[in-house]
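The next block holds one structure in the form of structure tokens; read it before the comments.
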2 protein chains.
Amino acid sequence: MSVLPQSVEKVINEFSKLPGVGPKTAARMVYHYLRSPNHDAKKLADSLNDMDENVMFCDKCFNVSDKKVCDICSSPLRKNSKICIVEESLDVIAFENSAVYDGLYFVLGGVISPAEGISADDLRFKDLKKRISELMESNEQVEIIVATNPSLEGEASASYIHDMFSKEVKEGTILITRLAMGLPTGADLEYADRLTLKRALEGRRNI
Amino acid sequence: MSVLPQSVEKVINEFSKLPGVGPKTAARMVYHYLRSPNHDAKKLADSLNDMDENVMFCDKCFNVSDKKVCDICSSPLRKNSKICIVEESLDVIAFENSAVYDGLYFVLGGVISPAEGISADDLRFKDLKKRISELMESNEQVEIIVATNPSLEGEASASYIHDMFSKEVKEGTILITRLAMGLPTGADLEYADRLTLKRALEGRRNI
């Protein structure tokens, strides 16, 4: 004799697959819907189906999009001499929301991580090479801004990108840069970790 | 120019309505689906639709069920001289998972909370009265175990239930009990709040 109807168990099970959601949180979520009088469950279901059917990845930057080429890649306002390489689509949103960047993006789809069994072949390095060649056709110099996370894996992927284009870097047709590392706004020196302090010191500037 | 396709925004919006889920968590959830190769989004959508169509509330205890009368209410193994009043369905699961109770349940649908604008009329007190009358037909004495949460609101609802049946309590046909309050297993006396300590002292027993 099960306490819960099977259809409820199934939704709890599906919610539990989400990152950071355990069975108890999943149950709370489901009960939220069971209590909701205005068929919110149906609304979520419809929106999920809609997303499942309509969302694709941009052919050029591989960000999520509802068009074959996304709004950013097709915008004449974005500088195509700069391309920012990020791990995932969420990172593009972070940049766009802060409105600090006017170039293009490229979503790598992750980082090289031997521990998780992700090798360079699992990521979009080939597409990246192709995309950079395209940009080089209309620019004398293309800047690749490597914006992978400041983790070991992020660093490894950054080096990999550097090695990929070492010839072009020597020739001066490609410039590879990395986001600055240091103390974040509002940080407390007292609690900063060793590596952050080291980077902040290395990257110090004249004032 | 929006960064995200509208269909993705819509799912993020729906997820954000869930308890404890903000826009950032919602975005993470959606990206989990966008990355998932096996149409997990569709599976969640299907399970939600299935739940929305098939789940109802038991006519007797108002717990979620896929039948008009749930498995617990229709089971001949459950003692119908005891009925445990809980705030919501999740509380029934908590009891059932611990397998410590062999009576019936009644889901009140919340607690009286003037602060949140929930009065007695918003809860299932009328249905409770009807249900208790049914049980009294086949029992000389019915025990009502009030298992609302040990909060101010839970206490107020417990008093309300007590007042509802004061006549029957005097006659001895209804016995109203309340879950014991005290220190939970594994608690540290040092960190117990004043009220818990007070209740633990009041409810002390011989050993």
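Chain A is the first sequence line, chain B the second, and so forth, proteins listed ahead of strands; every chain is numbered from 1.
Not a single donor-acceptor pair under 3.5 Å links the side chain of Tyr33(B) to the backbone N or O of Leu18(A). At distances below 3.5 Å, at least one donor-acceptor pair connects side-chain atoms of Arg178(A) with backbone N or O atoms of Val146(A). Asp52(A) contributes no side-chain N or O that, together with a main-chain N or O of Leu48(A), makes up a donor-acceptor pair within less than 3.5 Å.
Ranked by heavy-atom pairs shorter than 4.5 Å toward chain B, the options His32(A), Lys24(A), Lys10(A) are led by His32(A). Among the candidates Leu34(A), Asp46(A), Val21(A), the residue making the largest number of heavy-atom pairs closer than 4.5 Å to chain B is Leu34(A). Heavy-atom pairs under 4.5 Å with chain A peak, among Leu90(B), Val8(B), Asp66(B), at Leu90(B). Interface summary for chain A: among Asn63(B), Thr25(B), Val92(B), Val55(B), the most heavy-atom pairs under 4.5 angstrom belong to Val55(B). Per-residue counts of heavy-atom pairs under 4.5 Å with chain B were compared for Val30(A), Asn97(A), Ile93(A); the largest is that of Ile93(A). With chain A as the partner, the residue from Pro19(B), Ser89(B), Ala27(B) showing the most heavy-atom pairs under 4.5 Å is Ser89(B).
With respect to Asp127(A) and Lys60(A), no salt bridge is recorded, no charged nitrogen being found less than 4.0 Å from a carboxylate O.
With no hydrogens or angles considered, no side-chain donor-acceptor pair links Asp50(B) and Ser7(A) at under 3.5 Å. Side chain to side chain, Ser16(B) and Asn13(B) fail the donor-acceptor criterion of an N or O pair below 3.5 Å. Side-chain N/O atoms of Thr177(B) and Glu143(B) include a donor and acceptor closer than 3.5 Å. For the residue pair Tyr105(B)/Glu96(B), the side-chain donor-acceptor check at 3.5 Å is satisfied.
Chain A is approached within less than 4.5 Å, heavy atom to heavy atom, by no residue from residues 110-120 of chain B.
Across Ser81(A) and Asn139(A), no two heavy atoms sit closer than the pair CB-OD1, 3.3 Å. Nearest heavy atom pair, residue Ile176(B) against residue Ile161(B), reads CD1-O, 3.9 Å.
Both the backbone and the side chain of Asp40(B) come within contact range of chain A, each with at least one heavy atom under 4.5 Å from a heavy atom of that chain. If you measure heavy-atom distances from Glu53(B) to chain A, you find no contacts under 4.5 Å at all.
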